[in-house]
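Since we're looking at a predicted model, the values are computed, not measured. Here is how names work: the chains are called A, B, and so on, in the same order as the sequence lines, proteins then strands, and each is numbered from 1.
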Protein chains: 2
Amino acid sequence: MKATLPERVKGVCCPPSIMVPPAKVDASVEVLKALADPTRLQMVAVLKRSTRPVCICDFTAAFELSQPTISHHMAKLRDAGLVEVTKVGIWAYYRLAGHLEPKTRALLDVLV
Amino acid sequence: MKATLPERVKGVCCPPSIMVPPAKVDASVEVLKALADPTRLQMVAVLKRSTRPVCICDFTAAFELSQPTISHHMAKLRDAGLVEVTKVGIWAYYRLAGHLEPKTRALLDVLV
DNA sequence: CCATTCCATCGACAACCATCAATTCGTTGA
DNA sequence: TCAACGAATTGATGGTTGTCGATGGAATGG
C-alpha cells in the first residue's frame with residue numbers, strides 16, 4: 001500500500017484537491033438533512049411504498065410521538081420539497097412530490 | 001384527485017401503515033447523518049474521485065476551517081465506517097472504506 | 001536531546017434540533 | 001350558533017452538533 005501513497009515534504013501542505021461546486025454540495029446536504037432522522041425517513045419510506053396519499057393522522061397513530069412533532073417533521077419534508085399535501089375537509093393527505101429531481105429520486109430508490 | 005383518496009370517518013384514526021424495520025431505518029440514518037454536512041460530503045466526494053489516498057493536510061488546506069474541525073469531521077466519517085486511514089510517518093492518508101455495504105456504495109454513487 | 005511538524009483529543013461555547021404542552025385555525029356536523 | 005375534530009403554529013426546554021483554542025502524542029530531523 002505504501003507505494004500508492006504520494007510523496008510528501010514537510011511543511012508543503014498542500015495542493016487543494018478537485019472540489020465539487022459548493023452549490024451542488026449544499027443542495028444535496030439540504031435533502032440529506034431532511035432524511036437524516038428516523039421518523040422522517042420512515043415517513044418517506046411509507047409514502048414511497050403507498051400507492052395512495054396517506055393521511056397524516058395515520059402517522060400520528062403509528063409513531064409514539066405527539067401530534068405537533070409529527071406535523072413538525074412533515075413540515076421539514078415539505079420545506080425540502082420531498083412531499084406534497086392535499087387537504088380534504090379536516091384531513092391532510094401527504095404523498096411524495098411528483099416533480100422530484102432525478103438525483104433525489106435515485107436517492108430515495110437506494111434508501112427506501 | 002379526490003377519487004384516489006381513501007374514505008375517512010371522524011374519530012377513526014388510524015390503521016398503522018406498513019413500516020420499515022426500525023433497525024434498517026436507524027442504520028440508514030447513521031450514514032445519512034454522517035453525510036448531511038457540507039464539509040463531510042465534500043470530503044467524501046474528493047475521496048471518491050481520487051485514485052490515491054488523500055493526506056488530511058490537503059483537506060485542512062482546502063477548507064477554511066481549523067485543523068481540529070477537519071479532524072473532527074473526518075473522525076465522524078470514520079465512526080460511520082465510510083472512510084479508512086493509513087498513517088505514514090507524521091501524515092494520515094484517508095480513503096473510502098473498501099468494505100462498504102452495497103447500499104452505501106450505491107448511495108455514494110448517486111450523491112457524489 | 002530538543003525543536004518542528006502533523007494529527008488527534010479535550011474543554012468550552014454558540015447554534016441548531018427534536019420534542020412536548022398549549023394555543024390557534026379551519027372544517028364539519030348537530 | 002356552537003361543540004368537536006384534525007392539523008398547524010407558538011413557546012419553551014433538553015440534547016445534539018459544529019466550531020475553535022489549547023493541549024497532548026507520535027514521528028522526523030538537526
Residue pairs meeting disulfide bond (SG atoms under 2.5 Å apart), one or both in residues 58-112 of chain B, sequence neighbours left out, come to none
(request) Check the pair Val54(B) / Met43(B) against side-chain contact (heavy atoms from CB on, under 4.5 Å), numbers first and verdict last. (result) CA-CA 10 Å; Val54(B) 178; Met43(B) 283 173 164; over 6 Å; no
Protein heavy-atom contacts under 4.0 Å, written 5' to 3' over nucleotides 6-11 of chain D as B (base), S (sugar-phosphate only) or - (none), form the string SBBB--
Note: chain A reaches DNA chain C at heavy-atom distances under 4.0 Å over the stretch, first to last nt, 5' to 3', of dT4(C) to dT28(C)
Residues 65-112 of chain A vs disulfide bond (SG atoms under 2.5 Å apart), sequence neighbours excluded, gives none
Residue set satisfying disulfide bond (SG atoms under 2.5 Å apart) with Cys55(B), at least two apart, ordered chain then number -> none
Residues in residues 34-43 of chain A with a heavy atom under 4.0 Å of DNA chain C, by number, are Asp37(A), Arg40(A)
The side chain to side chain donor-acceptor pair (under 3.5 Å) partners of Glu84(B) (sequence neighbours excluded) come to Arg95(B), His99(B)
For Lys48(B), the salt bridge (Lys or Arg N to Asp or Glu O under 4.0 Å) test, sequence neighbours excluded, returns Asp109(B)
**Prompt:** Backbone N or O of Asp37(B) within a donor-acceptor pair of the Lys33(A) side chain at under 3.5 Å?
**Reply:** no
Open item on the list: Counting the atoms with a prime plus P, OP1 and OP2 as sugar-phosphate, which does Leu65(B) contact under 4.0 Å by heavy atoms, base, sugar-phosphate, or nothing?
Closed with: sugar-phosphate
Separation between CG (Asp58(A)) and CD1 (Ile70(A)), nearest 0.5 Å, reads 11.0 Å
Sequence neighbours excluded, the answer for salt bridge (Lys or Arg N to Asp or Glu O under 4.0 Å) partners of Glu30(B) is none
Residues at least two apart in sequence or cross-chain that pass side chain to side chain donor-acceptor pair (under 3.5 Å) with Ser66(B), listed by chain then number, are Thr69(B)
Could you check if a side-chain atom of Pro53(A) sits within less than 4.5 angstrom of a side-chain atom of Thr86(A), using non-hydrogen atoms only? no
Check whether any side-chain nitrogen or oxygen of His73(B) sits under 4.0 Å from OP1 or OP2 of dT19(D), and answer yes or no. yes
Rounded to whole Å, the CD-P distance (Glu64(B) to dG18(D)) equals 19 Å
Residue pairs passing the salt bridge (charged side-chain N to carboxylate O under 4.0 Å, His left out) test with at least one member in residues 59-81 of chain A, sequence neighbours excluded, are none
Whichever of Gly89(B) and Lys76(B) has the more 5' nearest nucleotide on DNA chain D, that residue is Lys76(B)
Practice problem: Could you tell me whether a side-chain N or O of Arg40(A) sits under 3.5 Å from a main-chain N or O of Ala34(A), the two making a donor and an acceptor? | Solution: yes
Bend of the helix from dC1(C)-dG30(D) to dA30(C)-dT1(D) from end-axis comparison, five pairs per end, nearest 10°, comes to 10°
